[in-house]
Amino acid sequence: MTSTHPAAAEAEFRPRPGRWIALAVLVLAVLLVAVDATVLGLATPFLSEDLKPSGTQLLWIGDIYSFVIAGLLVSMGSLGDRIGRKKLLLTGAVAFGGISVLNAYASTPEMMILARALLGVAGATLMPATLALIRNLFHDPRERSLAIGIWGAMASAGAAVGPVVGGFLLEHFWWGSVFLINLPVMAVLVLVGIRTLPESKDPAPGPWDLLSVALSLIGVVGVVYAIKEVAAHGAGWDVAVIAVAGVGALYWFVRRQLTLPAPLLDVRLFHHRGFSGAVLADLLTILGLSGLVFFLSQYLQLVQGRSPLEAGLAELPAAVGAVTTGLLAGRAARRFSVRAVVAGGLAAIGVPLAVMTGLSETTGYPLLGAVLLLVGAGAGFSFTVTADVILSSVPKEQAGSASAVSETAYELGAALGIALLGSVVTGVYRDFPTPLGVPAGPSAAAHQSLGGAVEAAAGLPGRGGADLLAAAQSAFVDGLRLASGLGAAVLLATAVAAWFLLKGQRLEEGSIPPA
């Protein structure tokens with residue numbers, strides 16, 4: 001709701017006192033989610049040893065969080081627009097902390113998958129609320145660009161802090177401790193957020209349509225699950241039924257949004273070419289990246305023999321690159337152009353991924369560090385500018401729904417990336433030939449996962465264990481090379497698409513309307 005009265009316009013655009021302190025609270029929520037996502041990859045070898053999941057269960061542990069969060073983000077973003085983003089954020093933070101404890105003490109693969117799914121429900125309340133509150137805290141476009149840059153930089157910092165802190169914890173405690181680090185962050189967020197965050201919501205939101213909520217969840221989870229199953233095991237009638245149900249639910253969801261007076265998601269936003277181009281760039285970027293990120297920690301530990309802390313420190317260059325470019329992205333987009341910065345950032349990810357196709361078991365760290373630095377820098381440019389484009393394309397009353405679309409693209413891309421590229425790695429890995437003399441039991445365990453191969457090889461006498469481990473490591477690296485090549489192809493194609501889709505798109509200039 002806007003007013004043409006000069007005093008009202010001045011009040012609306014006057015800088016809000018305490019907005020930078022409020023931003024500090026919001027980035028704590030981002031830190032919470034980013035740390036949780038990255039420590040899981042580092043803890044995977046320990047999970048494999050303790051819970052003994054199958055290869056399929058291991059992938060579900062990795063991607064069920066993203067499946068659920070992707071299916072619920074639009075619904076939660078819209079709920080925040082209706083009941084208040086501050087209320088939703090703080091409630092979700094408390095739930096996120098509590099469910100983290102359930103993750104820490106999971107005792108079976110099935111329990112771990114359920115705990116990760118519940119964490120996805122809680123996580124879906126956090127991310128859209130943080131971006132939407134930034135949209136309402138910062139009215140000046142240049143300040144908002146900087147705030148979004150800080151928001152993205154903290155997400156990257158969380159991705160860096162997670163492995164380092166997680167690596168330290170894994171060397172001194174059991175794997176569940178990596179989830180308990182969420183608790184102090186959540187406590188600070190809630191206690192400080194109650195005092196500093198302003199409440200904001202859509203002044204005329206309309207009812208929350210539960211049928212739309214169900215359709216979006218069924219549609220997203222159904223489609224992603226079907227893609228995952230086809231990639232891992234091939235097509236079957238049961239998968240086809242789930243895929244048709246998912247596509248049908250999404251079609252029904254879109255049709256319903258077009259007829260509702262107060263839709264859960266205003267799908268007409270996609271008529272804006274810049275909005276659609278930014279969402280597509282986010283989706284395909286994280287799709288191409290996620291397979292590398294998910295399996296790199298396993299490569300560093302189980303192939304190159306690094307400790308968890310060493311593996312966490314080895315991944316720091318990606319965060320350094322992302323933090324640096326995220327803070328500079330808004331200024332660069334205004335000086336050059338949105339499409340140049342986004343397309344250039346995507347290419348800066350795609351080229352290093354192409355270099356990863358030459359990966360071997362003995363690849364030196366200088367090359368790995370350079371690849372990670374470039375990937376992080378490209379992601380910082382691309383994600384920060386696309387988030388700015390998405391938020392500035394809509395009225396601030398719809399900020400929750402718009403930021404939910406941005407986060408849905410991110411999480412859906414992560415789920416698809418782990419499902420597709422992860423299934424490529426797993427498919428190549430499972431076909432490695434068993435060395436002569438290795439018994440059937442250890443061979444079967446080794447073919448389930450690389451963590452299983454390490455454990456099986458340790459229990460074999462003589463050269464049998466060494467030969468089994470070498471064959472498994474070689475197959476894992478072969479799969480990682482192929483996944484990197486596919487990711488590079490996706491990223492470079494997306495860079496070309498972004499160049500055309502974002503033509504003429506500009507970020508708003510900083511200006512406060514006169515009284």
Side-chain angles (χ1 to χ4, degrees), residues 25-53 57-73 76 86-130 154-155 157-159 161-194 294 297 308-309 312 411 414-415 451:
V25 176
L26 294 178
V27 298
L28 274 180
V30 178
L31 192 70
L32 196 71
V33 178
V35 165
D36 179 79
T38 53
V39 295
L40 179 65
L42 204 63
T44 296
F46 299 87
L47 270 170
S48 298
E49 182 180 347
D50 193 11
L51 303 184
K52 295 180 171 53
Q57 286 175 326
L58 195 61
L59 283 179
W60 272 111
I61 290 170
D63 59 23
I64 188 65
Y65 173 83
S66 293
F67 281 10
V68 173
I69 204 171
L72 287 176
L73 273 168
M76 293 301 182
K86 174 182 178 178
K87 185 185 300 180
L88 185 67
L89 177 71
L90 297 181
T91 303
V94 172
F96 199 92
I99 297 168
S100 294
V101 177
L102 183 61
N103 279 260
Y105 291 98
S107 56
T108 65
E110 293 80 9
M111 185 178 176
M112 188 68 190
I113 292 169
L114 174 63
R116 294 291 293 166
L118 292 174
L119 201 66
V121 177
T125 66
L126 299 178
M127 298 300 278
T130 59
M154 284 302 292
V161 170
V164 175
V165 174
F168 174 80
L169 291 172
L170 288 168
E171 290 191 358
H172 294 87
F173 305 99
W174 100 114
W175 59 263
S177 62
V178 301
F179 295 105
L180 298 182
I181 60 174
N182 292 336
L183 296 179
V185 180
M186 177 275 294
V188 173
L189 190 161
V190 172
L191 293 175
V192 180
I194 289 172
F294 184 71
S297 289
L309 182 57
E411 294 297 339

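Predicted model only: the values in this text are computed from it and were never measured.
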Closest non-hydrogen atom pair between [X] and [Y], with its separation:
| X | Y | answer |
| --- | --- | --- |
| Gly92 | Ala122 | O-CB, 4.0 Å |
| Leu189 | Ala93 | CD2-CB, 3.9 Å |
| Ala104 | Leu180 | CB-CD2, 3.7 Å |
| Leu72 | Ala124 | CB-CB, 3.8 Å |
| Val68 | Gly120 | CG1-C, 3.9 Å |
| Leu119 | Phe96 | CD1-O, 3.6 Å |

Report the residue from Asn103, Ile99, Ile113 that forms a side-chain contact (heavy atoms from CB on, under 4.5 Å) with Leu118.
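Considering Asn103, Ile99, Ile113, a side-chain contact (heavy atoms from CB on, under 4.5 Å) with Leu118 is found only for Ile99.
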In Å, rounded to the nearest 0.5 Å, how long is the span from CE of Met186 to CG of Leu191?
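Met186 atom CE to Leu191 atom CG measures 9.0 Å (nearest 0.5 Å).
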Distance check, rounded to the nearest 0.5 Å: Phe179 atom CZ versus Met112 atom CE?
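Rounded to the nearest 0.5 Å, the CZ-CE separation comes out at 3.5 Å.
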Student check: side-chain heavy atoms of Thr91 and Thr125 closer than 4.5 Å:
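SC-SC contact between Thr91 and Thr125 ruled out.
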So Met111 and Leu102, do their side chains get closer than 4.5 Å, heavy atoms only?
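In contact.
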